[in-house]
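As structure tokens, the structure follows; a few thoughts come after it.
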Amino acid sequence: MASIKIDCVVKDSCKIGECPFWEVKESSLVYVDVTGQKVCKWNTVTNKVKTVCVDAPIGSVVPRRSGGYALALGTRFAFLDWDKECVTDIAHVDKDKGNNRFNDGKVDPAGRFFAGTMGMEIRPAELELKQGSLYTLQADHSVVKHFDQVDISNGLDWSPDHKVFYYIDSLSFTVDAFDYDLQSGKLSNRRAVYKLEAEEAIPDGQCIDEEGKLWVACYNGGRVLRIDPETGKRIQTVKLPVDKTTSCCFGGRDYFELYVTSASDAMDEEWLKRQPQAGGIFKITGLGVKGFAPHSFAG
């Protein structure tokens, strides 16, 4: 296997970079800055970052089959016309919870947009627990609620055969699996497939490779883990030069590159001096495995 190489490819610092996906037609990485309230696109050819500001904390951005993007921001699903920089609201959730916001999201192989909510911080590093839920925006713009009592709704992806849905509620410190019915979009038989160790810190965003192994970014752990969900074992640890690693996706030519987002939020001056690349985006090459192209929202 080739030696692993880690490069900071986007030095523009995000407060909380999250939810990256690769856009092959423009050789670009699309991602969000959650509390910076913007959708970002880094073009790898020009090395330029374009941003579109939104009016609320934004948890996730996903591609849309008809063009543009679907967003989960504040407590609403919305569409973004990238060229016009215009956001159109589609559906609202958690209307009775004024201190909630959407967090991570992803599209399933059938084109449904899954995204979950969480309570916002009351004070730094302190949030109201069990306030979140997991939702799906369907192609007809209706919303399905799967379950509630979630602390921080986070990383999600599907197995290569589409029969298993993987999900992270960060403060459970586990990666969970559900049986998945692709036809109906229903979840069942929840179980834990990996429990994080103390030094691995908090599980955040995740993605899956072609071999069916999970890649989990560890917030405050400064690393990405490769996990075998069948055995519940950690296969590999890739450490990064920043603590607040937040999410990851495969991209680049043939999806052999792993892109990792990070955060600079809640870091004091001394911490930022030690980790000047905090909030940047990192490219990891030489892993010897590839991932999948992102699915696009059908509606």
Side-chain angles (χ1 to χ4, degrees), residues 1 4 6 18-20 103-109 114-116 118 129-130 132-134 146-182 185-240 243-250 255-256 258-262 284 286-292 294-295:
M1 192 172 77
I4 292 170
I6 302 170
E18 260 286 5
C19 198
N103 204 42
D104 208 355
K106 198 168 283 183
V107 178
D108 84 344
F114 277 67
M118 59 178 281
L129 302 180
K130 307 297 178 193
S133 301
L134 181 67
H146 295 281
F147 51 80
D148 54 18
Q149 295 294 303
V150 175
D151 289 330
I152 301 177
S153 189
N154 233 321
L156 53 177
D157 215 332
W158 289 262
S159 60
D161 65 5
H162 309 154
K163 292 180 178 178
V164 182
F165 170 63
Y166 296 106
Y167 175 76
I168 290 169
D169 180 352
S170 288
L171 297 188
S172 72
F173 300 96
T174 61
V175 180
D176 289 349
F178 295 79
D179 293 340
Y180 192 64
D181 185 324
L182 186 60
K186 288 187 177 170
L187 311 173
S188 60
N189 187 28
R190 185 174 189 169
R191 66 267 186 198
V193 294
Y194 184 76
K195 178 78 173 174
L196 274 79
E197 296 173 12
E199 71 273 11
E200 292 168 348
I202 304 167
D204 202 325
Q206 69 175 331
C207 65
I208 198 161
D209 64 32
E210 277 200 333
E211 297 175 6
K213 308 301 189 285
L214 298 169
W215 293 83
V216 180
C218 299
Y219 188 79
N220 284 342
R223 67 194 70 192
V224 180
L225 310 176
R226 189 181 190 219
I227 292 162
D228 185 340
E230 296 294 321
T231 63
K233 303 289 186 190
R234 179 184 68 245
I235 305 166
Q236 190 174 1
T237 300
V238 181
K239 293 190 178 178
L240 286 95
D243 290 332
K244 294 182 179 290
T245 40
T246 53
S247 192
C248 53
C249 75
F250 283 93
Y255 293 90
F256 270 108
L258 187 71
Y259 288 91
V260 182
T261 52
S262 70
I284 305 175
L287 292 169
V289 292
K290 63 185 286 190
F292 296 97
H295 302 291

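Values below: all heavy atoms of this structure, side chains included; hydrogens, waters and symmetry mates excluded.
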Side chain proximity check, [X] to [Y], heavy atoms < 4.5 angstrom:
X    : Y    : value
P229 : V175 : no
V164 : W158 : no
V224 : V216 : no
E18  : D204 : yes
C218 : L196 : yes
F250 : W215 : yes
F292 : C249 : no

Could you tell me whether the side chain of [X] and the main chain of [Y] form a donor-acceptor pair under 3.5 Å?
X    : Y    : answer
S247 : T261 : no
Q236 : R226 : no
K163 : L182 : no
D209 : K213 : yes
S262 : T245 : no
D151 : K130 : yes

| request: Would you check, one step at a time, whether the test side-chain hydrogen bond (donor to acceptor under 3.5 Å, both in side chains) holds for K244 with Y219? | output: CA-CA 5 Å; K244 294 182 179 290; Y219 188 79; 3.2 Å; yes

| Looking at C19 and G105, what are the two nearest heavy atoms and their distance? |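 Taking C19 first and G105 second, the nearest heavy atoms are SG-O, 3.4 Å.
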
| query | Where do D104 and G205 come nearest, in terms of heavy atoms and distance? | reply |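 Nearest heavy atoms, D104 then G205: OD2-CA, 3.8 Å.
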
| field | I284 vs I4, side-chain contact (heavy atoms from CB on, under 4.5 Å): CA-CA, chis, key distance, verdict | value | CA-CA 7 Å; I284 305 175; I4 292 170; 3.7 Å; yes

| field | Plane angle bin for F178 and F165 - parallel if under 30°, tilted between 30 and 60°, otherwise perpendicular | value | tilted

| field | F114 and Y180 aromatic ring geometry - parallel, tilted or perpendicular at 30°/60° bounds | value | perpendicular

[X] and [Y]: side chain donor to acceptor below 3.5 Å:
X    : Y    : value
N103 : S153 : no
Y194 : E200 : yes
D157 : Y167 : no

Starting at [atom1] of [X], measure out to [atom2] of [Y] and round the result to the nearest 0.5 Å.
X    : Y    : atom1 : atom2 : result
F256 : L287 : CZ    : CG    : 10.5 Å
L214 : C248 : CG    : SG    : 9.5 Å
I152 : L171 : CD1   : CG    : 4.0 Å
K106 : C207 : NZ    : SG    : 6.0 Å
Q149 : L134 : CD    : CG    : 14.0 Å
I168 : L156 : CD1   : CG    : 8.5 Å

| Out of R234, K233, R223, which residue meets the salt bridge (Lys or Arg N to Asp or Glu O under 4.0 Å) rule with E197? |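 Among R234, K233, R223, the one meeting salt bridge (Lys or Arg N to Asp or Glu O under 4.0 Å) with E197 is R234.
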
| request: Assess R190 against F147: is NZ or CZ under 6.0 Å from the centre of the six-membered ring, and within 45 degrees of the ring's axis? | output: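 Yes.
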
| query | Among all residues two or more places apart in sequence or in another chain, which pass the salt bridge (charged side-chain N to carboxylate O under 4.0 Å, His left out) test with D243? | reply |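 So D243 forms no salt bridge (charged side-chain N to carboxylate O under 4.0 Å, His left out) with any residue.
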
| message | Please evaluate residues K195 and D176 with respect to the criterion salt bridge (Lys or Arg N to Asp or Glu O under 4.0 Å), reporting the C-alpha separation (whole Å), side-chain torsions for both, the decisive distance (0.1 Å), and the verdict. | response | CA-CA 9 Å; K195 178 78 173 174; D176 289 349; over 6 Å; no

| request: Begin with the C-alpha distance, continue with both residues' side-chain angles, and end with the deciding distance and a verdict on side-chain contact (heavy atoms from CB on, under 4.5 Å) for S133 and V150. | output: CA-CA 6 Å; S133 301; V150 175; 5.6 Å; no

